[in-house]
Amino acid sequence: MAGNDTPPPEQALIRVHSPPGGNNFNPVEAETPALHAATRIYYGEINHFRKWFPWLIPSFIIANVVMFVITMYLNDCPQNSVSCVARFLGRFSFQPFRENPLLGPSSNTLQKMGALDVSKVVHKHQVWCLITCIWLHGGIFHLLANMLSLLAIGIQLEREFGYVRIGLLYIISGVGGSLLSALFIKSNISVGASGALFGLLGSMLSELFINWTIYANKFGVLVTLLIIIAVNLAVGILPHVDNFAHIGGFLSGFFLGFVFLIRPHFGWVSQRYAAPSTYSSTPKPKFKVYQLVLWGSSLILLIIGLTTCIVMLLHGVDLNEHCSWCHYLSCVPTSKWSCNTEPISCLSEQFGNELRITCSNSNRTRTYQLPNPSTSQIQGLCGQFCR
């Protein structure tokens, strides 16, 4: 699941993608005319259908883990907070559950590490946050969920299509998720790799469509994929889950799948690699017409979409002002939970060894015995008390 990390100075929305249950969808060989033994085609040996050794996705997983360890080291909860979880871990201990239920750092630390903060992107042009945020995670639970999903989905895709295409697809989808998130969610910071993960999931769907003729049991695979996608997007209506990042990543990956994951149809492959006497001399096109149409239209839509989103973001556009119902795509309020994500703030006053905190939204007040508190300690107490 995804959770809203820590409120002060802003809440951190995280992105999570549930594992797909180990479902792998691999193109299968279509039946081809019988060939003489000397000219038999082994598709696994052909460059377009070769199996790649997956090393990039494991490297991404290691990079995410390393970034989380660095984030926790810099967080240093015992030094910057009054209370911590698992204090025996020293500076790697976690923020209090009430502040961060995912066992992770404070939102202040995530901001320093490059979390997506819309105000900084718009007013300070820190556009690199659109990329850095996808390497950060809100806690142990968040990290584990995303990395297990990446392991289940990414390894198979890299084995089928290679590290270049899957690496580009992952990064661009992550940026696409960050862009849509930033256009709708203005008051919170956002971290997580779920936009990129949903991009991989979206690419699996488009890959099925564009390589439709080389699949067996097409409709069974399609129904299974649609169910997985629907379940994962449905999780996004829970509070504190950045479903806009999920949707943005999914759409980016869906269009990128048409561009990056296109494969020649078997008729062309058979003619190209078989003996000349085996088939008719009439040359077959490498791609079918529908493949070329999907490839070209997807590339155009992708470029237009990403460019438009970047321009709107840098001009400070808030899409909530143009779509009054779109917020329901990310959170649907019920009697069990609220979708209020307004940042929490408080007023602090120091009287000798006593620190008095007053919540701005409720005017509740509490006094702590804390001489000379640091700014980080005040922010932590504010988040725990006023949330």
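All values below were derived from every heavy atom in this structure, side-chain atoms included, with hydrogens, water molecules and symmetry-related copies excluded.
Between Tyr73 and Arg91, some side-chain heavy-atom pair lies under the 4.5 Å cut-off. In this structure, the side chains of Phe198 and Leu233 come closer than 4.5 Å at one or more pairs of heavy atoms. Using a 4.5 Å heavy-atom threshold, the side chains of Leu116 and Ile185 count as separate. Two residues are said to be in side-chain contact when any heavy atoms from C-beta on lie closer than 4.5 Å; Ile229 and Leu205 meet this criterion. Here the side chains of Val85 and Gln95 are not in contact, with every heavy-atom distance at 4.5 Å or above. For the pair Leu56 and Ile166, the minimum side-chain heavy-atom distance is 4.5 Å or more. Residues Leu299 and Phe255 have side chains not in contact (no heavy-atom distance under 4.5 Å, counting atoms from C-beta outward). Side-chain contact between Leu157 and Met204: present, with at least one pair of heavy atoms (C-beta onward) separated by less than 4.5 Å.
Although no hydrogens or angles enter the test, the distance criterion places no donor-acceptor pair under 3.5 Å between the side chain of Asp117 and the main chain of Ile189. Ser173 places no side-chain N or O within donor-acceptor distance of the main-chain N or O of Ala196, the cut-off being under 3.5 Å. When atom types are taken as modelled, the side chain of Asn100 and the backbone of Gly138 share a donor-acceptor pair closer than 3.5 angstrom. Although no hydrogens or angles enter the test, the distance criterion places no donor-acceptor pair under 3.5 Å between the side chain of Gln79 and the main chain of Asp76. Of the possible polar contacts, one joining the Glu158 side chain to the Ile57 backbone as a donor-acceptor pair under 3.5 Å is found. For the pair Asn243 (side chain) and His246 (backbone), a donor-acceptor distance under 3.5 Å is absent. Using a distance-only test at 3.5 Å, with no hydrogens or angles considered, a donor-acceptor pair links the side chain of Ser93 to the main chain of Gly90. Without hydrogens or angle criteria, Gln291 side chain to Ile210 main chain gives a donor-acceptor distance under 3.5 Å.
Surrounding OH of Tyr163 are at most 12 heavy atoms belonging to other residues, nucleotides or ligands under 6.0 Å away. When the shell of 6.0 Å around NE2 of His315 is examined, it contains 12 or fewer heavy atoms from other residues, nucleotides or ligands. Residue-environment remark: OH (Tyr328) stays at or below the threshold of 12 foreign heavy atoms within 6.0 Å.
With rounding to the nearest 0.5 angstrom, the CG atom of Asn232 is 9.5 Å from the CG atom of Leu197. If you take OG on Ser203 and CG on Leu208, they are separated by 11.5 Å, rounding to the nearest 0.5 Å. Expressed to the nearest 0.5 Å, how far CG of Asn75 lies from CD1 of Ile70 amounts to 13.5 Å. Atoms CG and CD, from Leu151 and Gln156 in turn, are 11.5 Å apart once rounded to the nearest 0.5 Å. In this structure, Cys326 SG and Phe184 CZ are separated by 4.0 Å, a value rounded to the nearest 0.5 Å. The CG atom of Leu183 lies 12.0 Å from the SG atom of Cys323; values are rounded to the nearest 0.5 Å.
One finds a salt bridge joining Glu160 and Arg263 here, because a Lys/Arg side-chain nitrogen approaches an Asp/Glu carboxylate oxygen to under 4.0 Å.
Remark: the Ser194 side chain and the Asn146 side chain contain an N/O donor-acceptor pair separated by less than 3.5 Å. Side chains of Asn108 and Ser106: no donor on one and acceptor on the other come within 3.5 Å. Ser181 and Ser178 share no side-chain donor-acceptor pair at under 3.5 Å.
No single ILVMFWY cluster, assembled from side-chain heavy atoms under 4.5 Å apart, contains both Ile227 and Ile153. Residues Val293 and Ile303 fall into different hydrophobic clusters, defined by Ile, Leu, Val, Met, Phe, Trp and Tyr side chains chained together at heavy-atom separations under 4.5 Å. Cluster annotation: Val231 and Val332 are assigned to distinct hydrophobic clusters (Ile/Leu/Val/Met/Phe/Trp/Tyr, side-chain heavy-atom contacts under 4.5 Å, transitive). Under the 4.5 Å side-chain heavy-atom criterion for ILVMFWY residues, a single connected hydrophobic cluster contains both Phe60 and Trp55. Ile300 and Leu169 fall into different hydrophobic clusters, where Ile, Leu, Val, Met, Phe, Trp and Tyr residues are linked whenever their side-chain heavy atoms come under 4.5 Å apart, directly or through other members.
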Just do the side-chain contact (heavy atoms from CB on, under 4.5 Å) check on Thr109 and Asn80 with the steps written out, would you?
CA-CA 10 Å; Thr109 301; Asn80 298 311; 5.9 Å; no
From CA spacing to verdict: side-chain contact (heavy atoms from CB on, under 4.5 Å), Leu103, Phe97:
CA-CA 7 Å; Leu103 295 179; Phe97 276 113; 3.5 Å; yes
Could you give me the CA-CA distance, side-chain angles and deciding distance for Thr308 and Met312, then say whether side-chain contact (heavy atoms from CB on, under 4.5 Å) is met?
CA-CA 6 Å; Thr308 302; Met312 288 193 298; 4.0 Å; yes
Going through the checks in order, is the side-chain contact (heavy atoms from CB on, under 4.5 Å) test met by Ser348 and Arg356?
CA-CA 6 Å; Ser348 63; Arg356 179 183 297 172; over 6 Å; no
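A distance of 6.0 Å or more separates the ring centres of His137 and Phe68. Annotation: Trp212 is not in aromatic contact with Phe258 [ring centroid separation under 6.0 Å not met]. Aromatic ring centroids of Phe260 and Phe161 lie 6.0 Å or more apart.
Of all the heavy atoms in Leu314 and His125, the pair that sits closest is CD2-ND1, 4.2 Å. Pairing each heavy atom of Leu200 with each of Gly154, the nearest pair is CD1-CA, 4.1 Å. Phe244 approaches Ser330 most closely through the heavy-atom pair CE1-CB, 3.4 Å. Closest approach of Phe92 to Met72, counting heavy atoms only: O-CE, 3.5 Å. The two residues Gly192 and His142 have their closest heavy-atom pair at CA-CE1, 3.7 Å. Here the closest non-hydrogen pair linking Gln126 and Val121 is O-CG2, 3.6 Å.
Listed by first and then second residue, the disulfide (SG to SG under 2.5 Å) pairs that reach into residues 164-226 come to none, sequence neighbours excluded. Annotation: salt bridge (Lys or Arg N to Asp or Glu O under 4.0 Å) contacts involving residues 100-113, sequence neighbours excluded, are absent.
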Distance-only donor-acceptor hits, side chain of residues 127-135, under 3.5 Å, sequence neighbours excluded:
residue	atom	partner	partner atom	Å
Thr132	OG1	Gly114	O	2.6
Thr132	OG1	Trp128	O	3.3

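Cation-pi geometry between Arg159 and Phe53 is not met: the NZ or CZ atom fails to fall both under 6.0 Å from the ring centre and inside 45° of the normal.
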